[in-house]
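Some notes on the structure that comes next.
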Amino acid sequence: MNRIVVVGASAAGLSAVETLRREGYDGALTLIGDEPHPPYDRPPLSKQILSGEWSAQQLPLRPPADLAALDLDLRLGVTATGLDLTDRRVRLADGSQTPYDGLIVATGVRPRRLPGEGAHVLRTLDDALTLGAQLKPGSRLVVVGAGFLGAEAAAVARKLGCEVTLLEPAPVPLAHAVGTEVGRVLSQVHLDRGVELRTGVTVTEVTEEGVRLADGEVVEAHEILVAIGSLPNTAWLADSGLTVGDGVVCDQYCEAAEGVYAAGDVARWHNPLFGLPMRIEHRTNAAEQGMAAARNLLAAPETRKPFAPVPYFWSDQYDLRIQAYGYLRGHDEVAVVDGDLAERRFVAAYRRDEKLTGALSVGMPPKAVRAWRQAIAVGTAWDALVPAGTSAPDAA
Ligand SMILES: Cc1cc2nc3c(=O)[nH]c(=O)nc-3n(C[C@H](O)[C@H](O)[C@H](O)COP(=O)(O)OP(=O)(O)OC[C@H]3O[C@@H](n4cnc5c(N)ncnc54)[C@H](O)[C@@H]3O)c2cc1C
């Protein structure tokens with residue numbers, strides 16, 4: 001293999017090119033990214049960058065010298081517009097084509113939007129700087145969507161002295177992901193800090209005054225943040241012959257077609273540890289999957305390894321750290337296995353079928369939840385770990 005192309009110059013793409021070099025690949029290596037910036041970290045965007053604690057200079061994932069040492073053909077500010085699987089070429093917006101022997105797709109996701117003009121989204125450095133500049137004491141921010149991203153932005157805005165309204169269609173924010181009881185605890189944290197939380201409301205459009213709800217009411221705002229989830233960046237792969245369906249569909253090796261792998265937020269792969277197809281939008285997974293895709297691309301077919309991680313994510317809201325291992329979505333039962341919900345210091349465990357599949361901690365030291373990682377990795381039976389009668393009363 002003499003020519004490898006990686007499309008998407010962020011966490012997964014960077015991890016892929018670094019791994020290729022570390023594994024001894026010394027052929028041509030092209031990294032293509034449509035943003036003008038060298039790879040930078042996204043989690044601080046809704047935390048330290050939005051709050052103004054960090055400057056943009058603290059965001060790059062690697063210093064320039066480390067990037068230079070990778071001997072990349074680094075093409076920033078360039079969009080991949082098409083893929084020809086038969087001729088093995090990536091088409092670029094400038095009209096050129098880049099041939100490859102091996103390809104890694106790491107184009108991530110983009111925010112879903114609402115009809116109407118003038119709302120913010122929060123995905124890129126530029127998004128965060130633009131919104132951050134508007135978060136002044138007394139200004140009124142409406143956040144549409146009370147998922148982790150919306151909740152983090154609401155927390156920062158409150159700390160900066162803004163009036164914040166969180167609008168959420170579900171009766172309890174995040175219930176589908178973490179369960180109703182845990183979702184309620186996480187919401188209460190915002191209510192205690194003076195956020196106005198309105199649940200069961202659907203926003204239909206952004207207007208000049210604010211946002212319009214399904215019943216016609218307009219919720220007024222100086223600034224609006226739309227945080228209603230994301231869509232995989234796969235438009236450039238339409239007609240390529242790759243299977244695309246809520247992400248680039250891959251097998252357990254992260255392979256989408258012969259010599260074509262996908263990694264990070266854009267990849268929907270089969271995780272054999274859970275026996276499920278998944279697409280994970282977490283920072284750690286992007287790096288781990290970039291690594292796995294790169295190794296499998298270089299490996300002989302019989303030495304490839306399935307990508308079977310226990311996913312991990314964290315979220316910071318006010319002074320609380322939320323951490324989770326495993327796959328919480330679609331759980332059948334939640335049980336508090338350490339600490340106390342009411343004190344907002346606890347570990348909750350998640351069951352799917354008869355197995356432990358996830359654990360989430362709030363306000364606990366990292367080791368309290370890390371201990372559960374291995375139990376999830378080996379597919380521990382629920383009954384062996386969770387005493388009967390500790391379940392929270394809901395199953396999401
Ligand atoms: C504000 C924010 C806060 C977050 N906080 C957390 C957190 O606390 N914890 C956590 O675990 N995760 C968090 N995440 C998620 C985490 O940042 C992502 O999982 C991670 O960035 C995914 O990396 P990626 O490389 O797969 O995709 P991305 O980071 O999305 O990168 C994909 C890159 O490809 C580029 N691209 C797209 N299409 C093309 C094309 N056609 N041609 C060329 N380039 C293209 C994109 O512009 C982008 O630069 C957060 C994300 C955001 C946005």
Side-chain angles (χ1 to χ4, degrees), residues 42-54 109-178 180 183-231 315-320 322:
R42 281 182 217 282
L45 296 179
S46 50
K47 308 171 183 74
Q48 296 89 340
I49 293 285
L50 198 60
S51 67
E53 284 163 65
W54 285 16
V109 297
R110 65 186 182 286
R112 286 183 57 212
R113 292 173 190 262
L114 286 168
E117 301 290 315
H120 297 266
V121 291
L122 186 44
R123 184 74 198 172
T124 66
L125 172 57
D126 304 325
D127 293 339
L129 294 175
T130 308
L131 175 60
Q134 303 303 322
L135 297 182
K136 311 247 168 56
S139 69
R140 188 168 175 72
L141 175 72
V142 165
V143 180
V144 185
F148 284 107
L149 183 68
E152 286 188 357
V156 168
R158 274 308 286 158
K159 280 208 275 192
L160 293 174
C162 303
E163 297 300 317
V164 179
T165 301
L166 255 177
L167 302 175
E168 166 63 39
V172 178
L174 286 169
H176 66 290
V178 301
T180 309
R184 268 197 199 111
V185 171
L186 297 181
S187 302
Q188 192 58 44
V189 175
H190 292 277
L191 295 172
D192 290 354
R193 306 285 174 137
V195 170
E196 185 195 7
L197 172 65
R198 293 182 61 182
T199 56
V201 291
T202 303
V203 176
T204 55
E205 64 171 333
V206 174
T207 70
E208 274 190 14
E209 299 76 34
V211 295
R212 192 183 312 280
L213 306 183
D215 65 4
E217 179 190 344
V218 171
V219 180
E220 290 183 4
H222 296 123
E223 302 297 328
I224 300 153
L225 172 64
V226 175
I228 55 172
S230 39
L231 298 166
S315 173
D316 295 326
Q317 296 169 28
Y318 309 101
D319 49 2
L320 273 192
I322 301 153

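Note: hydrogens, waters and symmetry copies are ignored here, and every other heavy atom, side chains too, is used.
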Can you give me the closest heavy-atom contact between Ala170 and Thr199, atom names plus distance? O-CB, 3.3 Å

Side chains of Leu131 and His120, heavy atoms from C-beta outward: is any pair under 4.5 Å? yes

Mind listing the closest non-hydrogen atom pair of Glu209 and Val218 along with its distance? CB-CG1, 4.2 Å

Taking salt bridge (charged side-chain N to carboxylate O under 4.0 Å, His left out) as the cut-off, I'd like each qualifying pair that reaches into residues 127-155, sequence neighbours left out, listed once. Lys47-Glu152, Arg140-Glu196

Please examine the side chains of Leu122 and Leu225, heavy atoms only from C-beta on, and report whether any two atoms are closer than 4.5 Å. yes

Could you list all the salt bridge (charged side-chain N to carboxylate O under 4.0 Å, His left out) pairs where at least one residue sits in residues 211-225, not counting sequence neighbours? Arg198-Glu217, Glu205-Arg212

Quick check: do Leu50 and Leu45 have side-chain heavy atoms less than 4.5 Å from each other? no

Test item: Val143 and Thr165 side chains (from C-beta on) under 4.5 Å apart, heavy atoms: no

Kindly compute the distance separating CZ (Arg184) from CG (Leu191), expressed to the nearest 0.5 Å. 12.0 Å

Under 6.0 Å from the ring centre and within 45 degrees of the ring axis: does the NZ or CZ of Arg193 meet both conditions for the six-membered ring of Tyr318? yes

Using side-chain heavy atoms (C-beta onward) and a distance below 4.5 Å, is Val219 in contact with Leu213? yes

Within the side chain of Arg42, is there an N or O that forms a donor-acceptor pair under 3.5 Å with the backbone of Arg123? yes

Calculate, to the nearest 0.5 Å, the distance between atoms CD and OG belonging to Glu163 and Ser139 respectively. 8.5 Å

From SG (Cys162) to CG (Leu135), nearest 0.5 Å: 4.5 Å

Say you draw a straight line from CG of Asp316 to CZ of Phe148; how long is it, rounded to the nearest 0.5 Å? 11.0 Å

Check: Ser230 and Pro111 side chains under 4.5 Å, non-hydrogen atoms: no

Any side-chain donor-acceptor pair under 3.5 Å between Ser315 and Gln317? yes

Output for pair (His190 NE2, Leu166 CG), nearest 0.5 Å, gives 6.5 Å

Heavy-atom nearest pair, Ile49 first then Ala128, reads CG2-CB, 3.7 Å

State, with a plain yes or no, whether a side-chain heavy atom of Val206 is found less than 4.5 Å away from one of Pro115. no

For Ile224 and Val144 the tightest heavy-atom approach is CG2-CG2, 4.2 Å

Test your reading of the model: is there a side-chain donor-acceptor pair from Thr130 to the backbone of Asp126, 3.5 Å cut-off? yes

Minimal heavy-atom distance between Thr204 and Ala214, with the atoms involved, is CG2-CA, 3.7 Å

Over all heavy atoms of both residues, which pair between Val178 and Gly183 is shortest? Give the atoms and the distance, please. CG2-N, 3.6 Å

